Structures are given as structure tokens and as C-alpha cells.
Amino acid sequence: MSIVKEIKPLIAAVLKDHYGFSTGETDLTINTTKPEFEGDYTLVLFSYVKQLKKSPEQLGNEIGDALIKAHPQLFVAYNVIKGFLNLTISDDYWRQFLKTNYNNQQFGFGQSKNQKVMVEYSSPNTNKPLHLGHLRNIFLGWSIAEILNRSGYETVKSCVVNDRGIHICKSMIAWQLFANGATPESTATKGDHFVGEYYVKFNDAYKQQVDELVAKGMEKAIAEKEAPIMKATQQMLLDWEKGDKDVLALWNKMNGWVYDGFGITYKRIGADFQKMYYESNTYLLGKQFVEAGLKEGVFFKKEDGSVWIDLTADGLDEKLVLRKDGTSVYITQDLGLADQKYDEFKYDQSIYVIADEQNYHMKVLKLILQKLNKPYAEGIFHLSYGMVELPNGRMKSREGTVVDADDMITEMVNVARTKTEELGKVKDFTTDELKELYDTLALGALKFFLLRVDPKKRMIFNPEESIDFHGFTGPFIQYTHARIKSVLRKAGDVSVNANIIETSEPILKLEKELIVLLEQYPVMLDQAIAEHNPSVIAIYVFNLAKSFNTFYTEHSVLNAETETKKQFRLMLSSLTAHVIASGMSLLGIKVPERM
RNA sequence: GGUCCGGUAGCUCAGUUGAAUAGAGCAACUGCCUUCUAAGCAGUAGGUCAUUGGUUUGAAUCCAAUCCGGAUCACCA
């Protein structure tokens with residue numbers, strides 16, 4: 001149990017015993033004490049001053065006295081400044097914490113929650129390669145699943161591949177028209193990039209045809225429908241739906257190329273899925289909901305035969321759930337897929353990692369399922385994230401302003417190589433070791449960059465400036481880890497005598513700062529889960545690394561003042577390295593032994 | 001137009017269940033490598049927390065209005 005959770009009921013008890021004042025533990029405001037004051041944790045007193053008719057100073061002194069008297073093993077000192085009661089926790093408590101956990105590989109992990117959570121993420125289209133926006137999605141989804149997993153939830157990572165529709169047909173038509181049978185192999189191109197090129201070719205040709213028609217005097221809106229290449233694409237979609245053999249063969253072939261390409265990228269960045277869904281299999285789902293919904297009066301039918309739900313009472317609009325020709329729309333298949341997932345996995349929670357442009361859609365999805373009284377409706381959570389934008393606005397694939405995921409990784413690897421060579425610290429590494437280190441640093445920098453920001457906020461990426469390796473970055477934290485490991489290696493295989501710290505001298509300020517932070521790790525995990533927000537972990541691990549570096553510069557571990565100090569600091573360093581490695585692994589980031 | 005999200009240092013972001021003098025990183029400037037990794041540390045400078053009003057002992061945080069930016073409201077996906 002965390003120290004704050006431990007303290008709260010003790011304070012509540014004092015308030016009750018001395019003043020007959022009942023307060024919920026959540027009403028107590030306890031913060032870490034600011035470094036300029038004496039103490040570890042601080043109780044804010046203002047809220048009780050009025051009700052108890054005492055001055056903050058008097059109140060603080062009385063509570064402080066009572067706490068020390070009742071729990072001398074826990075509280076050793078206090079001071080009151082203005083309305084703040086600063087409490088000092090005994091060194092014994094911190095030593096005990098360190099002793100219990102310095103070698104505990106499970107530190108921070110939660111007990112089994114007996115709950116299953118599905119996390120759907122990535123969900124790419126098969127007509128173009130992954131870009132920076134996908135990376136944010138993938139890193140977020142993977143990370144939140146990992147955080148849940150380590151905290152005791154059973155997780156199932158899933159992916160819906162958007163493998164059908166007009167956009168896929170565009171690449172297919174363009175390939176038929178312009179490829180002359182070229183393949184990824186024949187052109188030595190990664191499959192997803194290869195197909196993406198034909199998607200671009202389609203758009204170029206389409207634009208040209210529209211311009212020609214407009215030049216001949218046709219109205220633009222009509223020209224956009226009449227362009228021959230567009231008509232051919234629409235015909236192809238119809239043929240696909242009819243199951244035309246040749247079209248299906250081409251579709252399978254081109255999607256296969258894309259999957260090969262995605263596979264390479266997924267493997268490199270560490271993305272994985274336990275369950276794949278393909279839209280070509282799910283796009284007809286959900287029609288049974290329409291029947292049921294009509295019967296229950298949740299949906300209604302218009303004269304033209306289309307089916308709707310009226311959500312105006314919930315502050316939304318009327319939403320179409322079935323076209324007049326009886327075909328499904330997007331929301332219909334999402335209803336069906338939610339149901340299918342539940343059938344298969346009986347999830348307690350289902351998290352959808354989808355960009356915030358679909359906030360409305362996801363709100364409607366959950367609302368409809370609630371109105372249909374689906375047992376799993378409450379467990380649906382949209383992990384909405386902001387778009388990654390360029391300094392001059394959104395990335396547009398048609399305008400060629402997307403930052404390609406593979407290119408981005410390659411560039412980061414180059415930066416990692418350059419910086420490593422400049423510093424020349426790992427000249428004895430083999431080629432393989434160097435390759436691994438560059439990958440570790442490159443992906444560490446990239447993942448940290450995308451995960452350190454609150455998912456809800458849209459973020460700006462400037463391709464002109466490569467991602468930094470100093471300061472609030474992945475490599476800074478990786479460096480700190482390598483540094484600690486270096487010290488631990490030099491210390492040798494010291495089997496730390498945990499008893500030796502029982503009589504140790506006072507814990508110094510910078511040691512205390514570090515140990516207090518370490519103790520908060522499990523609380524951070526809880527917070528990250530409560531907020532569905534991996535940036536909580538990223539910020540925490542950064543602060544931990546920073547705190548270690550300050551300590552490290554000021555105090556020597558191996559040449560500590562006394563042998564007990566040395567033991568204490570080795571344990572402290574060891575736990576710090578472990579929490580850094582553990583926290584970073586929750587973000588999907590590896591930490592090197594040396595760099 | 002309706003709904004939702006955002007506006008904090010030159011830049012990128014924390015802080016938003018109200019609490020001490022609003023914090024980091026980058027960029028700028030100044031120091032620190034003969035002892036554990038300087039991808040580091042210490043320091044200087046940089047703020048009308050979009051604006052106005054309100055609630056409160058106390059507001060970047062809550063409420064209202066306004067300004068600015070974005071998303072969304074398709075028989076598109």
C-alpha cells in the first residue's frame with residue numbers, strides 16, 4: 001500500500017477523535033512537500049479551519065502532535081507553515097520500503113483483477129503505408145494494453161483492417177492501368193509502399209481527368225462523378241461485392257503485398273495483436289440489430305425504407321443505421337463487430353484507440369448499444385487521441401505531406417548512429433550490438449516523443465527538426481539507465497546485505513527525493529489506467545531519471561562515506577534502474593545496459 | 001448555426017478532483033569532466049496562465065460571457 005493511502009486514515013482518525021469531525025479520506029488533500037520546505041508529505045489545512053474554528057497554526061500543531069504521539073514509528077517530525085502541515089516520515093519507513101523492494105521484480109505490478117479488456121488499435125487501411133499518425137495510435141494502444149496487463153487485467157489486443165471499399169479499388173485500378181505487371185519484388189519496393197504509390201497515381205490521373213472535363217465545359221461536381229477512372233473504380237467495387245473472380249484475385253494479391261509491408265513495420269516497432277478482424281468479413285454485420293432495434297422501438301423506419309435512431313433527446317442528431325437500399329452503414333457494422341467481439345471474448349471493457357475526429361461516431365455507438373440494453377455497452381471506452389499535425393496543418397496523403405512511418409524510423413536510426421559515433425563510448429560493440437543499440441535508441445526517442453503528450457491533445461511535429469536526444473526524451477532516460485548499470489557492474493556481484501541498512505545514518509535530501517519518487521510508482525500506474533493515459537508514466541519516469549542524475553552528481557555510490565551508505569545507495573540505484581526499465585517497458589521502450 | 005475539444009515562457013509541453021513564490025525540456029547565456037558514463041549536473045534570463053466578470057480564506061484550475069484555433073453534425077469510411 002502506498003504511503004499516502006496509509007497516512008490518510010490516520011489523519012482522518014485524528015480529526016474524528018480530537019474534534020469529532022468526520023471526513024472522507026478522499027477529501028483530505030495530501031501533496032508531496034515542496035523541496036524548499038522541511039518534510040515529505042503535506043496536509044492542506046484550510047478546509048478545516050472554518051468548521052473547527054481554529055487557526056491553521058493551532059490546528060496544524062495539534063494534528064502534528066497527535067500523529068507523532070499515535071504513530072511514532074511512522075511520523076518523526078512536523079512543521080506548520082501558513083495553512084500547511086508538513087510531515088516527515090521516519091527514515092525507517094523508507095529503509096523498510098527499499099529493503100522490501102530493491103530486488104523485487106514484481107514491484108509496481110498489480111494483483112489479478114479478473115477482468116478482461118479488449119484494446120483495438122492501429123486499424124489501418126490497406127491502400128497506403130503507415131504514417132506518423134498511425135504510430136501515435138499504435139504506440140498508445142500497445143502501451144495502454146501493456147499497462148493494464150501489468151496491473152492485473154487480462155488483455156486482448158485486436159486490430160480491424162480496413163481492407164475493402166472504394167479506396168482499395170482506387171489502388172487496384174491504378175495498378176491495372178499503370179503497372180504493366182510490376183510487383184514489389186520486381187521493383188524492390190516494400191509492399192505497402194508499392195500499393196501506396198498506385199493510390200497516389202490514381203489521384204493524379206483522376207485529377208487530370210476532372211480538369212480535362214472541366215476544360216471542356218463540364219461543371220466540376222459532375223466532372224468528379226463522370227471521370228472515367230472514377231467510374232471504373234465504382235464498377236470495380238460493385239464487381240468485388242458480387243464476388244467477381246478476377247477482381248477478388250487482384251484484391252487478394254495487392255492486400256497480400258500490403259500485409260507483408262505492414263508485418264515488417266509492426267515487427268520492427270513491436271506491435272502485436274491476438275485477434276485480427278477484416279472489414280471484408282465484418283462489413284455485413286449488424287443487420288440483426290436493425291431488426292431488434294425496430295422491434296423494441298429504439299429505431300424507426302422512414303417512408304423510403306431507411307432506418308434511423310433519434311438521439312435528439314441525448315443532445316445528438318438523428319442517425320442513419322440502414323440505407324434505404326437495405327445496406328449497412330459504418331455504424332451498423334460497428335454495432336455488429338462490438339457484438340461479435342463480446343461473443344468471442346466476453347470482455348469487461350473494450351477500448352477503442354481511434355482519433356478524435358470520430359468522437360461523435362463513438363459516442364453514438366455506445367449510446368445505441370446502451371439503448372439496446374447490451375450488457376457490454378458500459379464497458380466501451382473510446383480512447384480518443386488528437387491528430388499529429390505538421391507546423392502548417394494536417395498531414396494530407398493526397399498532397400504528399402504525410403510523414404511516412406518507415407522513413408521516420410530510418411531517420412531516427414541515422415540520428416542515433418551519428419550521435420553514438422560522435423560520443424564514441426561503445427567502440428568495442430560488435431556490428432550486431434551497434435545495430436541493436438541504434439534501434440533501441442531510435443525507437444525509444446520516437447515512442448517517447450509520441451507518448452509523453454496527453455493523448456487527448458493534438459500534437460505538432462516539425463519534420464525540419466529531428467527528435468531530440470537530450471532533455472525530456474527517451475534517450476535521456478535510457479542513458480540514465482545505462483549509467484546506473486555501469487555503476488552496478490563496477491560494484492561487482494555485491495550481494496547486498498539488507499540488514500546493514502537497519503542501523504544506517506540519516507537519509508539525505510537527494511536520496512529521500514529519489515526514494516519518495518520510487519515509492520509512488522504503483523500510484524502512477526493506477527493513475528495512468530484511470531486516465532487511460534500513458535503520458536503519466538512517461539512524465540513520471542523522466543522525473544525519476546532526472547532525480548537520479550541530480551543525486552548521482554552530488555553523491556558517490558561506490559565511494560560513499562561509509563560502507564552502510566554504499567549498500568544503501570546500491571540498493572537505491574538498483575531499484576531506480578528497475579523502475580526505469582519497468583516504466584519504459586510499459587511504453588514499449590527498451591533500455592540498454594550500455595550506450 | 002448546434003455539439004465537443006483546446007488556448008500556460010520564443011518553441012514543444014506538464015500542472016486543470018481549487019492550495020505555498022505557476023513547472024520541465026528545447027533554444028539563449030554562465031559555470032562544472034585527473035575518481036561511479038558530461039546523451040549529464042548546477043545556475044541566469046524568459047509568464048497580463050486568450051480576454052472580461054463572478055464564486056471562494058484561496059482560481060491556470062470552478063461558473064458565465066466574449067475572442068481565437070480545431071474536430072464533428074453525410075443514405076462517406
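Remember, it's a predicted structure, so these values are computed and weren't measured experimentally. Each chain gets a letter, A, B and so on, in the order its sequence line appears, and its residues count up from 1.
An anti base is found at B/C67: its glycosidic angle is more than 90° from 0.
What separates CG of A/Leu488 from P of B/U37 is a distance of 10 Å, to the nearest Å. If you measure from atom NZ of A/Lys363 to atom C1' of B/C73, you get 11 Å, rounded to the nearest angstrom. Between A/Glu357 atom CD and B/G69 atom P there is a gap of 20 Å when expressed in whole angstrom units. What separates CG of A/Leu423 from P of B/A38 is a distance of 11 Å, to the nearest Å.
Minimum atom distance to the side chain of A/Tyr330 is reached by B/A77, of the listed B/U35, B/C73, B/A77. The A/Lys82 side chain lies nearest to B/U21 when the options are B/U37, B/A77, B/U21. Comparing B/U37, B/A19, B/U21 by their nearest atom to the side chain of A/Ser47 picks out B/A19. Among B/C26, B/A19, B/U37, the nucleotide with an atom closest to any side-chain atom of A/Tyr479 is B/U37. Out of B/U35, B/C36, B/U37, the shortest distance to the side chain of A/Arg489 is found at B/U37. Distance from the side chain of A/Phe84 is smallest to B/A20 among B/U37, B/U72, B/A20. Which of B/A71, B/U37, B/G25 sits closest to the side chain of A/Arg594 comes down to B/U37. Of all nucleotides listed (B/U35, B/U37, B/A77), B/A77 comes nearest to the side chain of A/Arg323.
Proximity of the aromatic rings of A/Phe461 and A/Phe449 is defined here by a centroid distance below 6.0 angstrom, and this criterion is met. Between A/Phe202 and A/Tyr199, a ring centre-to-centre spacing not shorter than 6.0 Å is recorded.
In this structure, A/Leu508 and A/Lys565 have side chains that are in contact, with non-hydrogen atoms separated by less than 4.5 Å.
If you find the closest nucleotide of RNA chain B to A/Phe551 and to A/Asn125, the one lying nearer the 5' end belongs to A/Phe551. Residue whose closest nucleotide on RNA chain B sits further toward the 5' end, between A/Lys485 and A/Ile81: A/Ile81.
At most 12 heavy atoms of other shown residues, nucleotides or ligands fall within 6.0 angstrom of atom CD in A/Glu38. Environment of NZ in A/Lys435: sparse, with no more than 12 heavy atoms of neighbouring residues, nucleotides or ligands closer than 6.0 Å.
For the pair A/Arg136 and A/Tyr385, the NZ or CZ position fails the cation-pi test of under 6.0 Å to the six-membered ring centre and within 45 degrees of the ring normal. Because its NZ or CZ atom is both nearer than 6.0 Å to the ring centre of A/Tyr283 and within 45° of the ring axis, A/Arg164 counts as a cation-pi partner of that residue.
Looking only at atom types and distance, the side chain of A/Thr42 has a donor-acceptor partner in the side chain of A/Asn86 under 3.5 Å away.
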All N/O contacts under 3.5 Å from nucleotides 13-15 of chain B to the protein, with atom names and distances to one decimal?
{"from": "B/C13", "atom 1": "OP1", "to": "A/Ile460", "atom 2": "N", "distance (Å)": "3.0"}
{"from": "B/A14", "atom 1": "OP1", "to": "A/Asp454", "atom 2": "N", "distance (Å)": "2.9"}
{"from": "B/A14", "atom 1": "OP2", "to": "A/Lys457", "atom 2": "NZ", "distance (Å)": "3.1"}

Check nucleotides 41-47 of chain B against the protein and report each pair of N or O atoms closer than 3.5 Å, with its distance, or say if there are none.
{"from": "B/C41", "atom 1": "O4'", "to": "A/Thr553", "atom 2": "OG1", "distance (Å)": "3.4"}
{"from": "B/A42", "atom 1": "OP1", "to": "A/Thr550", "atom 2": "OG1", "distance (Å)": "3.2"}

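Remark: A/Arg458 does not engage A/Glu357 in a salt bridge, criterion side-chain N to carboxylate O under 4.0 Å.
Going from the P atom of B/C11 to that of B/U16 covers 23 Å, rounded to whole Å.
Stems are defined here as 3 or more consecutive Watson-Crick or G-U wobble pairs with pairing distances under 3.5 Å; those involving RNA chain B are B:1-7 with B:67-73, B:10-13 with B:23-26, B:28-32 with B:40-44, B:50-54 with B:62-66.
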